[in-house]
Amino acid sequence: MKKHLILAAFVCFAGNLLAQTGKVFDNLTVTSKILKSERKFAIYLPPDYETSQRSYPVLYLLHGAGDDQTGWVQFGEVLRIADKAILDGTATAMIIVMPDADTGVRGYFNTIDGKWNYEDFFFQELMPHVEKTYRIKADKRNRAVAGLSMGGGGTFIYALHHPELFSSACPLSASTGPLTPEDGRRWLERSGTENPTQAQLEDYYDKFGVNKIIDGMEAEKLKSVKWYIDCGDDDFLYEGNSLVHIALRKKEVPHEFRIRDGGHNWTYWRTALPTVLSFVSDTFHQK
């Protein structure tokens with residue numbers, strides 16, 4: 001009889017463990033009037049979302065160039081990594097939103113010509129939609145942003161343009177934008193702007209040059225966001241990330257800066273994600 005009870009208890013325990021998994025939906029859409037199209041996004045819901053009534057903090061997790069909203073799902077293994085971090089207690093239960101920035105015009109920013117205003121879409125349409133649709137704590141303390149490569153650039157720009165909205169930002173292997181106005185030429189031409197004028201070059205540098213923005217921002221605004229910056233020692237984007245670290249140090253802005261062994265690939269970013277989840281969780285819990 002005792003053996004049967006022990007076996008039943010084990011089966012029940014194992015069943016509970018199996019039930020403690022989150023869910024990912026990777027083909028959701030929101031109608032955008034700004035972009036005049038249906039925009040896709042993916043979402044991760046934590047293991048206890050369906051059995052609780054509480055609201056959760058949110059992490060906006062941005063993909064890189066060449067991927068879409070499924071990048072962090074398929075290659076980044078967000079379901080497995082987030083579930084493990086939450087069940088291990090190294091991260092708090094959170095909702096993770098992964099938008100698609102790879103159709104129409106690639107990227108997370110407004111174009112200089114004003115014809116594709118993705119950043120406006122993100123803040124005016126996507127964010128309000130998901131924070132109304134899901135049980136999300138819609139305030140600065142409970143909102144974070146992270147991303148890789150192109151998405152790392154989006155992470156920097158979104159947190160720098162809107163420090164009042166994010167408690168933490170975690171750019172990984174980030175594209176940090178032009179280092180000079182003239183350096184903006186290759187960025188603009190790559191996005192389809194042929195023969196950009198000097199005014200366009202300077203405008204792009206002012207808006208999307210991460211170091212330029214940091215140099216012009218008040219230190220207190222920069223300090224209002226907790227920063228975790230991570231780039232591999234073999235990554236071709238090491239220079240921009242190192243210069244951001246130096247710029248923040250000069251302004252005495254506390255931040256975490258990591259150079260780890262690795263390159264610009266999913267092997268590196270998968271190993272970064274558990275630390276990101278722990279870092280943003282710590283900021284969610286701070287008073």
Side-chain angles (χ1 to χ4, degrees), residues 32 34-36 60 62-66 99 101-127 145 147-166 169 171-225 227 229 231 235-253 255 257 264:
S32 172
I34 292 172
L35 300 179
K36 299 180 176 62
Y60 290 90
L62 312 183
H63 67 76
D102 197 43
T103 57
V105 176
R106 177 182 290 179
Y108 294 95
F109 311 148
N110 293 348
T111 55
I112 293 298
D113 60 15
K115 294 180 180 179
W116 185 261
N117 294 324
Y118 192 95
E119 186 174 344
D120 291 349
F121 154 74
F122 182 92
F123 288 102
Q124 297 174 29
E125 294 180 327
L126 176 66
M127 184 182 288
V145 60
L148 66 91
S149 194
M150 179 180 79
T155 299
F156 267 128
I157 295 302
Y158 284 6
L160 290 170
H161 283 180
H162 295 281
E164 77 282 0
L165 293 180
F166 300 103
L172 310 173
S173 310
S175 169
T176 57
L179 301 179
T180 64
E182 187 58 33
D183 188 34
R185 183 178 302 278
R186 63 187 177 92
W187 296 80
L188 284 169
E189 289 179 346
R190 189 168 57 188
S191 64
T193 303
E194 298 181 2
N195 301 315
T197 65
Q198 189 60 34
Q200 287 177 317
L201 293 176
E202 293 178 0
D203 188 30
Y204 192 87
Y205 177 55
D206 289 344
K207 289 179 178 176
F208 306 119
V210 173
N211 279 284
K212 168 67 171 176
I213 298 171
I214 290 173
D215 287 342
M217 276 185 73
E218 296 176 4
E220 291 308 308
K221 285 188 177 181
L222 291 166
K223 291 177 182 178
S224 73
V225 178
W227 297 95
I229 303 165
C231 189
D235 197 306
F236 67 94
L237 293 173
Y238 75 93
E239 181 180 9
N241 285 271
S242 299
L243 291 173
V244 168
H245 164 59
I246 294 169
L248 291 173
R249 282 293 299 270
K250 285 181 177 179
K251 289 209 164 189
E252 300 182 344
V253 177
H255 63 286
F257 180 57
H264 200 80

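Here, residue 1 is the first one in the sequence, and each next residue gets the next number. Below, all heavy atoms of this structure are taken into account, side chains as well, without hydrogens, waters or symmetry copies.
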Requested in this report: Could you walk me through whether His63 and Asp102 pass side chain to side chain contact (heavy atoms under 4.5 Å, CB included), step by step?
Outcome: CA-CA 9 Å; His63 67 76; Asp102 197 43; 4.0 Å; yes
**Report entry** Candidate pair Lys223 and Glu220, rule salt bridge (charged side-chain N to carboxylate O under 4.0 Å, His left out), full reasoning
**Finding:** CA-CA 5 Å; Lys223 291 177 182 178; Glu220 291 308 308; 3.7 Å; yes
Requested in this report: Please lay out, stage by stage, how Leu248 and Ile229 fare under the test side chain to side chain contact (heavy atoms under 4.5 Å, CB included).
Outcome: CA-CA 11 Å; Leu248 291 173; Ile229 303 165; 3.8 Å; yes
Less than 4.5 Å apart, side chain to side chain, heavy atoms only: is that true for [X] and [Y]?
X	Y	answer
Glu119	Gln124	no
Leu165	Phe123	yes
Phe156	Val244	yes
Pro99	Leu62	yes

Find the distance between [atom1] ([X]) and [atom2] ([Y]) and round it off to the nearest 0.5 Å.
X	Y	atom1	atom2	value
Leu237	Ser242	CG	OG	10.5 Å
Leu172	Leu148	CG	CG	6.5 Å
Leu188	Asn195	CG	CG	11.0 Å
Ile157	Phe109	CD1	CZ	5.0 Å
His245	Ile214	NE2	CD1	11.5 Å

Work out which heavy atom in [X] is nearest to a heavy atom in [Y]; give both atom names and the distance.
X	Y	result
Phe121	Ser32	CD1-OG, 3.4 Å
Gly184	Leu201	C-CD2, 3.8 Å
Asn211	Ala247	OD1-CB, 3.5 Å
Gly152	Ala174	C-CB, 3.6 Å
Val225	Phe166	CG2-O, 3.6 Å
Gly107	Tyr118	O-CG, 3.6 Å

Short side-chain to backbone donor-acceptor contact, [X] and [Y], under 3.5 Å:
X	Y	result
Trp116	Arg106	no
Asp206	Lys212	no
His162	Leu160	no
Glu125	Ile34	yes
Lys251	Asp215	yes

Report task. Report the residues that fulfil side chain to side chain contact (heavy atoms under 4.5 Å, CB included) with Glu202, sequence neighbours left out, ordered by chain and then residue number. Result -> Pro181, Gln198
Query raised in the report: Would the number of heavy atoms belonging to other residues, nucleotides or ligands and lying under 6.0 Å from CD of Glu218 be above 12?
Result: no
Query raised in the report: Is it the case that more than 12 heavy atoms not belonging to Tyr238 sit under 6.0 Å from its OH atom?
Result: no
Query raised in the report: Strictly under 6.0 Å, is that where the ring centroids of Phe122 and His161 end up?
Result: no
Query raised in the report: Which pairs, with at least one residue in residues 147-157 and sequence neighbours excluded, count as a side-chain hydrogen bond (donor to acceptor under 3.5 Å, both in side chains)?
Result: Ser149-His264
Query raised in the report: Restricting to pairs with a member in residues 172-183, which pass side-chain hydrogen bond (donor to acceptor under 3.5 Å, both in side chains), not counting sequence neighbours?
Result: Ser173-Asp235, Ser173-Trp269, Glu182-Arg185, Asp183-Arg186
Report task. Please test Tyr158 against Tyr60 for ring pair (Phe, Tyr, Trp, His ring centres under 6.0 Å), starting from the C-alpha separation and ending with a verdict. Result -> CA-CA 10 Å; Tyr158 284 6; Tyr60 290 90; 8.9 Å; no
